[in-house]
There are 2 protein chains.
Amino acid sequence: MIKKQLIMEKALELFAKQGFEATSIQQITEHCGISKGSFYLSFKSKDELILALIDHFMMQIISDIDYTVKHTNDDKKLLYEFYYTMFHSFYKHSDFAKILIKEQIQSFNKELLVRMHYYNRLNEEIILSMIERLYGEEVKLTKYDLIYSIKGFMSTYLELFLFYNVPLDFTLLSQSLVEKTNLLARHATVPFISQELIEMIKQPIHKEVSKEHMFDIIEQNIAGIEESIEKESLILLKQQLTEPTFVPAIVKGLLENIRNHPHCKWISYLLRRYYKF
Amino acid sequence: MIKKQLIMEKALELFAKQGFEATSIQQITEHCGISKGSFYLSFKSKDELILALIDHFMMQIISDIDYTVKHTNDDKKLLYEFYYTMFHSFYKHSDFAKILIKEQIQSFNKELLVRMHYYNRLNEEIILSMIERLYGEEVKLTKYDLIYSIKGFMSTYLELFLFYNVPLDFTLLSQSLVEKTNLLARHATVPFISQELIEMIKQPIHKEVSKEHMFDIIEQNIAGIEESIEKESLILLKQQLTEPTFVPAIVKGLLENIRNHPHCKWISYLLRRYYKF
DNA sequence: TATAATAATGACTAGTGGGTCACTTGTCAA
DNA sequence: TTGACAAGTGACCCACTAGTCATTATTATA
């Protein structure tokens, strides 16, 4: 488990510098100070490694954003918090963000493509829920265009700060984008992306996460982290999953405990969904 | 020259389908029905091929857009024409557009990176000249943000139609983006990208194109195209470059003749710049 | 037709990469 | 101390790749 993390960490550095294809397993293992065979004890293949990386970081970023959107009560601050969290989360993981943008993960693995679609869809879902809450009927016709505009802002400004090492003021950037978003939401009238277009595009998010799946993830996480409040919380949550004994308040508290542990973000997101918090 | 074009065409198809790294010279030559050695009579290396492709298409796309912006007199239509031409030009070359978006040409060749920066800068220049003409002082503080917003719109909507094969209505899309752009230009007040930030980012566009350079390109083009009005025009323009004899009206007419020939777009763009048309 | 010049070929080289596996080292309970 | 099991190693395999070059085919010229 620890070895796996080491490999992921070191591989990420190399991928961000040289790209995925251009980095050999040899280089990765050398950079880790382990042997080549040892790599294959942790990962079945190079593809499995990149997949694990994508999952690991996308889960964190998505759940960061989701948590912020769900837990910001003040509608006036919501958009701002959304942008700020998003930029901040990508900034925290900028090596990953770099490879995400550089290698548009289209070419190789089919499975990766599916995975990326999935996270993309989750992201769109979050944005949609946010703008429906903020503008309601006002954006009935233009909401999908609004999503795409927001995604457009995200991508260009992300690129700006990922590839030019300039000092950056997320506060100002977020304020600036909040104003733009509000303008588009309140005054844009010409929709391009219709409901029909969306239907044509989307493949359903099939993954309705099963209890067993969450159970597995929790077990993995328990194995992966040190003795701590988080670990204890996880164990209790695992119990709760098989035989519910705690009242919602306790469950929510336990979730809050693990929320900020980097390895628990995803399960925390899934459980929040499951318990409808 | 003809062989070169064949290779570029067939290689583009494969790159769009499988990606650059994943496509071998072997595959390309098989797809062309020529031998491996033959490839190296046209290109010194695989890198030179991708470079030639990038140049070939970026030149066409950039000069399409530039021509539209420079030759649309009606300010009311300008933004619309810009968006329409841009989408249309990428659509015409959608195989190329795909590899441009897929492989974020960052990893490999250093020279490619420089080249892409160069075209990106040209694009930004065109957009800047357009919005300064349209909005003038109004966007003094927010013009760079406006550029980035426009680029954001471009990239998300490009992705939308490049990766989902849906029927698309460029007219409606352009109208929709015109409205959004106008809203942002007229009402956005919070700038994020300041003049200083731009200075920090930009490396100067060094390439002030020399007469000799243009001369070379013309000669190449002459060799590459069939006997035609375009070819004759090129020959006359070549003469004009060494010993100016024609009045501007004639030169402009000759440029108009070659403008729409796919191989002459770039030299046409350069000459328009040179003669300040 | 003969000769020179150019174009095209594909077997070959030298090298790399992902992945395997027989073997070594470390660990820990009995 | 022993022995059984897990963790770790790196030489090795094979498929494949970019690029070369001696040889052959084609074309142009005289």
Side-chain angles (χ1 to χ4, degrees), chain A residues 1-54 99 102-103 105 107-112 219-220 222-224 226, chain B residues 1-54 99 102-103 105 107-112 219-220 223-224 226-227:
Chain A
M1 206 64 189
I2 300 299
K3 176 69 64 60
K4 219 166 171 172
Q5 280 163 228
L6 172 75
I7 293 173
M8 285 170 70
E9 216 170 276
K10 297 295 185 184
L12 187 71
E13 287 172 24
L14 293 175
F15 290 163
K17 219 188 297 169
Q18 323 168 341
F20 175 71
E21 303 270 10
T23 304
S24 67
I25 306 276
Q26 195 90 318
Q27 278 180 287
I28 296 171
T29 53
E30 271 166 24
H31 199 218
C32 291
I34 61 172
S35 70
K36 204 173 167 189
S38 191
F39 172 91
Y40 287 93
L41 295 177
S42 297
F43 296 95
K44 275 208 287 293
S45 67
K46 203 185 172 190
D47 277 353
E48 201 182 275
L49 167 62
I50 186 75
L51 226 122
L53 279 171
I54 299 268
I99 67 166
K102 265 192 211 174
E103 334 258 339
I105 324 288
S107 345
F108 20 94
N109 207 322
K110 192 81 187 168
E111 197 171 351
L112 249 182
E219 291 215 308
Q220 268 175 266
I222 290 174
E226 308 295 307
Chain B
M1 206 62 186
I2 300 298
K3 178 69 64 60
K4 219 167 172 173
Q5 280 164 229
L6 173 73
I7 293 172
M8 284 170 72
E9 217 171 274
K10 297 295 186 184
L12 187 70
E13 287 172 24
L14 293 175
F15 289 163
K17 218 187 300 170
Q18 323 169 342
F20 175 72
E21 303 271 8
T23 304
S24 67
I25 307 276
Q26 194 90 321
Q27 279 179 287
I28 295 170
T29 52
E30 271 166 26
H31 198 218
C32 291
I34 61 172
S35 70
K36 205 172 167 192
S38 193
F39 172 90
Y40 288 93
L41 294 177
S42 298
F43 296 96
K44 276 208 288 292
S45 67
K46 201 184 171 189
D47 278 352
E48 201 184 272
L49 167 62
I50 185 76
L51 226 122
L53 278 171
I54 298 269
I99 67 167
K102 265 191 211 173
E103 333 259 337
I105 323 288
S107 345
F108 20 96
N109 207 323
K110 193 81 186 169
E111 195 170 350
L112 250 181
E219 292 216 306
Q220 268 175 263
E226 309 294 310
E227 216 60 53

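Predicted model only: the values in this text are computed from it and were never measured. Computed over heavy atoms, backbone and side chain alike; hydrogens, waters and symmetry mates excluded. Residue numbering restarts at 1 for every chain, and letters A, B, ... go by the order of the sequence lines.
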| request: Return the value, rounded to whole Å, for the distance between atom CG of B:Leu49 and atom P of D:dG19. | output: 11 Å
| Residues forming a salt bridge (charged side-chain N to carboxylate O under 4.0 Å, His left out) with B:Glu219, sequence neighbours excluded | B:Lys238
| message | The criterion is side chain to side chain contact (heavy atoms under 4.5 Å, CB included); which residues satisfy it with B:Ser35, sequence neighbours excluded? | response | B:Ser38
| message | From CD1 of B:Ile34 over to P of C:dT6, roughly how many Å is that when rounded to an integer? | response | 20 Å
| Distance check: side-chain N/O of B:Ser24 vs OP1/OP2 of D:dT17, anything under 4.0 Å? | yes
| query | NA contact type, A:Thr23, heavy-atom cut-off 4.0 Å: base, sugar-phosphate, or nothing? | reply | sugar-phosphate
Report, one pair per line, the protein and nucleotides 19-23 of chain C atoms (nitrogen or oxygen only) whose separation is under 3.5 Å.
unit_1	atom_1	unit_2	atom_2	d
C:dG19	OP2	A:Tyr40	OH	3.3
C:dG19	OP2	A:Lys46	N	3.0
C:dG19	N7	A:Lys36	NZ	3.1
C:dG19	O6	A:Lys36	NZ	2.5

| remark: Sequence neighbours excluded, the answer for salt bridge (charged side-chain N to carboxylate O under 4.0 Å, His left out) partners of A:Glu48 is A:Lys44
| message | What's B:Ser38 touching, base or sugar-phosphate or nothing? Going by heavy atoms closer than 4.0 Å. | response | base
| request: Send over the distance from B:Glu30 CD to C:dG10 P, rounded to a whole Å. | output: 11 Å
| query | According to the ring-ring contact (aromatic ring centres under 6.0 Å, His included) rule, which pairs have a member within residues 22-42 of chain A, sequence neighbours left out? | reply | A:Phe39-A:Phe43
| query | Does B:Ser42 have any side chain to side chain contact (heavy atoms under 4.5 Å, CB included) partners at least two apart in sequence or in another chain, and if so, which? | reply | B:Lys3, B:Lys4, B:Ile7
